Protein chains: 2
Amino acid sequence: MATLADVARRAGVSPATASRIINGSSKPVTEALRQRVLAAVEELQYVPNAHAQLLARSHRSTVGVVVHDVSDPYFAEITRGLQRVATEHGRLVMICNSYRDPDKELQYVELLRAHQVAAIVLAGSGYHDDAFTETMNSKLRVYESTGGRAVVIGRHEHAGDAVVPDNEMGGYLLGAELYALGHTEIGVVAGPKLLTTTTDRIAGLRRAAREHGHRLPARRIVYGDFDRDGGASAAAALLDAEPDITAIAALNDPMAIGVLALLRARGISVPGRISVTGFDDMPVARDVTPALTTVRLPLADMGARAMTLALQPPADGRPPRIEEVGAELVRRESTGPARD
Amino acid sequence: MATLADVARRAGVSPATASRIINGSSKPVTEALRQRVLAAVEELQYVPNAHAQLLARSHRSTVGVVVHDVSDPYFAEITRGLQRVATEHGRLVMICNSYRDPDKELQYVELLRAHQVAAIVLAGSGYHDDAFTETMNSKLRVYESTGGRAVVIGRHEHAGDAVVPDNEMGGYLLGAELYALGHTEIGVVAGPKLLTTTTDRIAGLRRAAREHGHRLPARRIVYGDFDRDGGASAAAALLDAEPDITAIAALNDPMAIGVLALLRARGISVPGRISVTGFDDMPVARDVTPALTTVRLPLADMGARAMTLALQPPADGRPPRIEEVGAELVRRESTGPARD
DNA sequence: CCTCGTCAGGCAAGCGCTTTCCACGGGACG
DNA sequence: CGTCCCGTGGAAAGCGCTTGCCTGACGAGG
């Protein structure tokens, strides 16, 4: 690998000058020299060693993101928003997939700290576990105390700023819609019990139930993984235990798709006999048959706002900023009036 | 930020000893010292500066990946395979999204080189453009000449090793299936004209046509973006220009879904009046109605093999290794016998 | 003609860490 | 009791780059 010294030697200048020319420093340099150096760079195919650069100018510029899984459409969309804003500000972003593993999350925060990132954005960490929250918080606080910025997407129990979607409201909208359609026997296909996403959405559903004079008993809620298979098996369990339900609220779209697949396999018509709702309005929601009634969250926007917060100057003891973003009902074909 | 020197001072040892203890070097160290140092690390919440470490041990370990877009399911799957193998070998991977922008691709290769990666994996760069291929090749060769490894997924015109899916075979399988079902008037909804992925798949379709005594005229091929909307608009154009086709081969699954959406909007039954095929067998393929007949590529496996190649010792003039992987037909509900 | 200001360019001190090489002390052995 | 050796720990030389500060030269002003 060619080094700066090689370039300098070849151009017959000092490394200092070469560095200044290559980085376009403001120091004035004769045109002849600049040409010589640039030519040397080209001939040697010189690429500066990023580690050396980053070490020398102790200047934090990139921002780190810890996310459940970038290839999950939900987080892909958030990430898109994050990236857009970062790029607009000329910042690089380093993305890490935690796959919701708390240990990995902690490790990655460490890794990002090691890489001297200017800010850390956490998305998709939704654990209720107090011990985890506590250690994460302390890490985040240490990080902030050294001038870093921490932003959390999706919950506000953490240290640092946050942008949180109104999951409760989303649940409420869905519940209200179903009750309005005359459904009183509603089952819920929920995500992992420990995620605030799950509990908040259920809380909204429950509020809708209350307001319509109903209840949402715990036995009508089955928990599973936030994916297609989780939805299918939860729906199977639910149907076996509670055969008289007329609507199933799945707590995200992939689960709803699993529910749809199971119902089709069992020959149950949707929305004829059972109405189904999703959550998040991912692109597939409109491509399945019947197209999913669901709730839209402005995911990309949330990412953008999180990055905007992350790029702000460090906190310095001011109270954490919390931005809440709304949810919006999307009516499609998977819901209809209750049968009887 | 606490530094190693801080830790050493606090523990009353030299930085050298602290470093050895923290990195678990093989040098023997008294237990008492080790405890003191570890305690200091804990108290100071010390995290080693990754740049300094990487600079000091000039030891390339992470591998870089340039990919079209990790959140695209196709590349997500490839990436999963890459990651798995990398993790098994304790290597970190740095992922960059090029969004198929040739300039970005070049830039990222540079960036990765700057970060001293041990290997570079290119996926989703499929441009036919000779100029681009040439500059990319020269960059890659320079990189390899400094001891790096380059692996390309999806095409073999590049320098370095390659793992390529048999797109031609996939196209052939689909074509053969359609002709076997009695379709003779076939339209193609193709991806960008400049991608080898597109041209190879078409070549397979054409071979099937020839073998069944038919032709696939250019006017029956409409090009569009490799996504849902690209599929929908290409299908619209195709249908308007060639109303008597009885089958549409879309060159990837998202496009096929767009085709399905358009046909539904126009009230055309699938596979009743028109059969539709996809390509890649992404998860959604089985969730749409009708479920897509498509071709499966072992994407994760391709990623894994690419990473395995990347982890191999440097080339040293041996001829580039090229691994080809097969394709497999998946029959579902979107195809049926031709009407007449 | 001397002094001073100015400008192009180089010197060298780090950035935070690793690692080679050396020093020191004590136990084993002759 | 002297030597040798081994087991521990430290000193210091970088890794490749940036940047504050200084120098030398040259033209301008007194």
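Just so we're on the same page: letters track the sequence lines, and every chain starts at 1. What you see is a predicted model; the values in this text were computed from it and never measured.
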Ignoring hydrogens and angles, write down the donor-acceptor pairs under 3.5 Å from the side chains of residues 111-124 of chain A, residues two or more places apart or on other chains.
residue, atom, partner, partner atom, Å
Arg113(A), NH2, Gln45(B), O, 2.6

Scan the side chains in residues 5-21 of chain A for donor-acceptor partners under 3.5 Å anywhere in the protein, sequence neighbours excluded, and list what turns up.
residue, atom, partner, partner atom, Å
Asp6(A), OD1, Arg9(A), NH1, 3.4
Asp6(A), OD2, Thr3(A), N, 2.9
Arg10(A), NE, Glu43(A), OE1, 2.7
Arg10(A), NH2, Glu43(A), OE1, 2.3
Ser14(A), OG, Ala16(A), N, 3.4
Ser14(A), OG, Thr17(A), N, 3.3
Ser14(A), OG, Thr17(A), OG1, 2.9
Ser19(A), OG, Asn23(A), ND2, 3.3

For residues 305-312 of chain A, please give each side-chain donor-acceptor pair under 3.5 Å, one per line with the distance, not counting sequence neighbours.
residue, atom, partner, partner atom, Å
Arg305(A), NE, Glu323(A), OE1, 2.7
Arg305(A), NH2, Glu323(A), OE1, 3.0
Thr308(A), OG1, Ala304(A), O, 2.7
Gln312(A), OE1, Arg321(A), NH1, 3.0
Gln312(A), NE2, Thr308(A), O, 2.9

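Leu140(A) approaches Ala150(A) most closely through the heavy-atom pair CG-CB, 3.9 Å. Nearest heavy atom pair, residue Arg60(A) against residue Gly148(A), reads NH1-N, 3.8 Å. The minimum heavy-atom distance linking Tyr46(B) with Ile22(B) is given by the pair CE2-CD1, 3.7 Å.
Taken from CD in Glu110(A) to OH in Tyr143(A), the straight-line distance is 12.5 Å, to the nearest 0.5 Å. Distance check, rounded to the nearest 0.5 Å: OG of Ser61(A) to CD of Gln53(A) gives 11.0 Å.
Side-chain contact check for Pro165(A) versus Val325(A): some heavy-atom pair is nearer than 4.5 Å.
Across residues 112-120 of chain A, not one residue has a non-hydrogen atom less than 4.0 Å from an atom of DNA chain D. Within a heavy-atom distance below 4.0 Å of DNA chain C, the residues of residues 44-52 of chain B found are Tyr46(B), Pro48(B), Asn49(B), Ala52(B).
Nucleic acid contact class of Thr30(B) (heavy atoms, under 4.0 Å, all strands): sugar-phosphate only.
Whole-Å rounding puts the Asn23(A) CG to dC17(D) P distance at 10 Å. We find that CD1 of Ile21(B) is positioned 11 Å from C1' of dT8(D), with the value rounded to whole Å.
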Can you pull every protein N or O that's under 3.5 Å from an N or O on nucleotides 23-28 of chain D?
none

Measure all distances between protein nitrogen or oxygen atoms and nitrogen or oxygen atoms of nucleotides 10-14 of chain D, and list the pairs falling under 3.5 Å.
residue, atom, partner, partner atom, Å
dG10(D), OP2, Ser14(B), N, 3.1
dG10(D), OP2, Ser14(B), OG, 3.2
dG10(D), OP2, Thr17(B), OG1, 2.4
dG10(D), N7, Arg20(B), NH2, 2.9
dG10(D), O6, Arg20(B), NH2, 2.8

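Residue Ser19(A) places at least one side-chain N or O closer than 4.0 Å to OP1 or OP2 of dT18(D).
A rotation axis mapping the C1' atoms of four pairs onto the next four is fitted at both ends of the helix from dC1(C)-dG30(D) to dG30(C)-dC1(D) over five pairs, and the angle between these axes is 60° to 10 degrees.
Salt-bridge check for Glu144(A) with Arg141(A): failed, with every basic side-chain N at 4.0 Å or more from each acidic carboxylate O. Taking 4.0 Å as the cut-off between side-chain N and carboxylate O, Asp161(A) and Arg149(A) count as a salt-bridged pair.
In this structure a side-chain-to-backbone donor-acceptor pair under 3.5 Å is missing from Arg91(B) to Thr62(B). For the pair Asn97(B) (side chain) and Val70(B) (backbone), a donor-acceptor distance under 3.5 Å is present. Remark: side-chain polar atoms of Ser25(B) are paired, donor with acceptor, to backbone N or O of Lys27(B) under 3.5 angstrom.
Bounding nucleotides for the chain A contact on DNA chain C, 5' to 3', at a heavy-atom distance below 4.0 Å, are dA8(C) to dG16(C).
Here Phe75(A) pairs with His68(A) under the ring pair (Phe, Tyr, Trp, His ring centres under 6.0 Å) rule; sequence neighbours left out. Shown here are the side-chain hydrogen bond (donor to acceptor under 3.5 Å, both in side chains) partners of Gln107(A), two or more places apart in sequence or in another chain: there are none. The salt bridge (Lys or Arg N to Asp or Glu O under 4.0 Å) test applied to Glu324(A) returns no partner, not counting sequence neighbours.
Position along DNA chain D of the nearest nucleotide to Arg57(B) versus Pro28(B) favours Pro28(B) as the more 5'-ward residue.
Around CD of Glu31(B), the count of heavy atoms belonging to other residues, nucleotides or ligands within 6.0 Å exceeds 12.
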